[in-house]
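Only one structure is covered here, and it is reproduced in the block below.
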Amino acid sequence: VAARARAFRVEMRAQNRTSATRADAMGRPLGRDRISLTGPAIARATAPIADLLGALRAQQLPAEPSSDAGAYLCNYTLYRTLTECAGSATAGFLHVPQARETAGPEAPATLAMIDAAVRGVAEAYAGVLAAAEVLAA
């Protein structure tokens, strides 16, 4: 969840950065400014970004590409996923806005909208993967 987001964000990359002073869930500071000492500075998403954005927009949902997955858990998760799966799987990340019972200026999404977004993105992703598998066969 991207609490201040005004739209669904399809992340295009993650950065090899952390906050050396920010504490983890156990309250311990990470003590370093990079996720990986040997990894690339930027890891690019391999998910079909345009297809995922198209699926969101086809449902009339506010959607945008993003090149900043944040400075903490989301960026870390995406970076580790992309670097660990490099060459063996496609991967991406969908940031969803904070949900409220009714959508509005404070929260542009409801739980029903988030459900529709996740389902739409999953279906679009599955379609792209299935088409790629057919072409590879």
Side-chain angles (χ1 to χ4, degrees):
V1 173
R4 293 183 298 274
R6 310 289 358 126
F8 292 88
R9 296 187 341 224
V10 178
E11 298 299 340
M12 298 185 300
R13 68 182 197 157
Q15 298 180 56
N16 187 4
R17 65 180 163 107
T18 65
S19 172
T21 58
R22 189 168 192 166
D24 66 13
M26 300 291 289
R28 298 174 301 217
L30 293 174
R32 63 182 191 272
D33 61 357
R34 292 185 293 169
I35 297 168
S36 170
L37 298 177
T38 59
I42 293 174
R44 300 206 181 278
T46 52
I49 304 296
D51 293 290
L52 303 184
L53 286 167
L56 293 166
R57 291 174 179 153
Q59 296 180 72
Q60 311 285 300
L61 295 170
E64 60 191 26
S66 171
S67 60
D68 185 357
Y72 190 49
L73 186 58
C74 297
N75 181 68
Y76 183 92
T77 300
L78 180 56
Y79 184 86
R80 292 300 306 243
T81 300
L82 293 172
T83 56
E84 295 294 322
C85 294
S88 64
T90 63
F93 194 96
L94 176 65
H95 255 126
V96 299
Q98 181 71 45
R100 297 284 191 267
E101 286 187 33
T102 58
E106 292 300 311
T110 63
L111 286 177
M113 291 168 73
I114 291 172
D115 180 68
V118 170
R119 289 174 189 270
V121 164
E123 289 172 8
Y125 206 152
V128 169
L129 293 175
E133 192 171 299
V134 168
L135 289 175

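Everything quoted here is computed from the prediction, not taken from an experiment.
The two atoms that bring Ala43 and Thr83 nearest to each other are CB-CG2, 4.1 Å, heavy atoms only. Across every non-hydrogen atom of Arg80 and Ile35, the tightest pair is CD-CG2, 3.6 Å. When all heavy atoms of Gly92 and Ala45 are compared, the closest pair comes out as CA-CB, 4.4 Å. Here the closest heavy-atom approach between residue Pro97 and residue Ala5 is recorded as CB-O, 3.8 Å. In terms of heavy-atom proximity, Thr81 sits nearest to Thr77 at OG1-O, 2.8 Å. Heavy-atom minimum distance, Ala109 versus Ile114: CB-CG1, 4.1 Å.
Under the 4.5 Å side-chain heavy-atom criterion for Ile, Leu, Val, Met, Phe, Trp and Tyr, Val1 and Val121 are members of the same hydrophobic cluster. Hydrophobic clustering (side-chain heavy atoms under 4.5 Å, transitive across Ile, Leu, Val, Met, Phe, Trp, Tyr) keeps Phe93 apart from Met12. Linking Ile, Leu, Val, Met, Phe, Trp and Tyr residues whenever their side-chain heavy atoms come within less than 4.5 Å places Leu129 and Ile49 in a single cluster. Val118 and Val128 fall into different hydrophobic clusters, where Ile, Leu, Val, Met, Phe, Trp and Tyr side chains are chained together by heavy-atom contacts under 4.5 Å. Note on Tyr76 and Tyr72: separate hydrophobic clusters, where clusters join Ile, Leu, Val, Met, Phe, Trp and Tyr whose side-chain heavy atoms are under 4.5 Å apart, directly or indirectly.
Counting only distance, with no hydrogens or angles, the side chain of Gln59 and the backbone of Ala116 share a donor-acceptor pair below 3.5 Å. A donor-acceptor pair under 3.5 Å links the side-chain atoms of Tyr125 to the main chain of Ala91, judged by distance alone.
Ile42 contributes atom CD1, which lies 4.0 Å from atom CZ of Arg13 (distance to the nearest 0.5 angstrom). To the nearest 0.5 Å, atoms CG (Leu82) and OG1 (Thr90) are separated by 10.0 Å. Between atom CE of residue Met113 and atom CG of residue Leu61 there is a gap of 5.0 Å, rounded to the nearest 0.5 Å. Between the CG atom in Leu37 and the CG atom in Asn16 there is a gap of 8.0 Å [rounded to 0.5 Å].
Residue Arg44 qualifies as open at atom CZ: its count of foreign heavy atoms under 6.0 Å is 12 or below.
For residues 111-124, the pairs satisfying side chain to side chain donor-acceptor pair (under 3.5 Å) are Asp115-Arg119, with sequence neighbours left out.
Under the 3.5 Å distance criterion, with hydrogens and angles disregarded, no donor-acceptor pair is assigned to the side chains of Ser36 and Tyr79.
Under the 4.5 Å side-chain criterion, counting only non-hydrogen atoms from C-beta, Ser66 is not in contact with His95. The closest side-chain heavy-atom distance from Val10 to Leu56 is below 4.5 Å.
Every residue two or more places apart in sequence or in another chain that forms a side-chain contact (heavy atoms from CB on, under 4.5 Å) with Arg17 is listed here: Gln15, Asp68, Ala71, Asn75.
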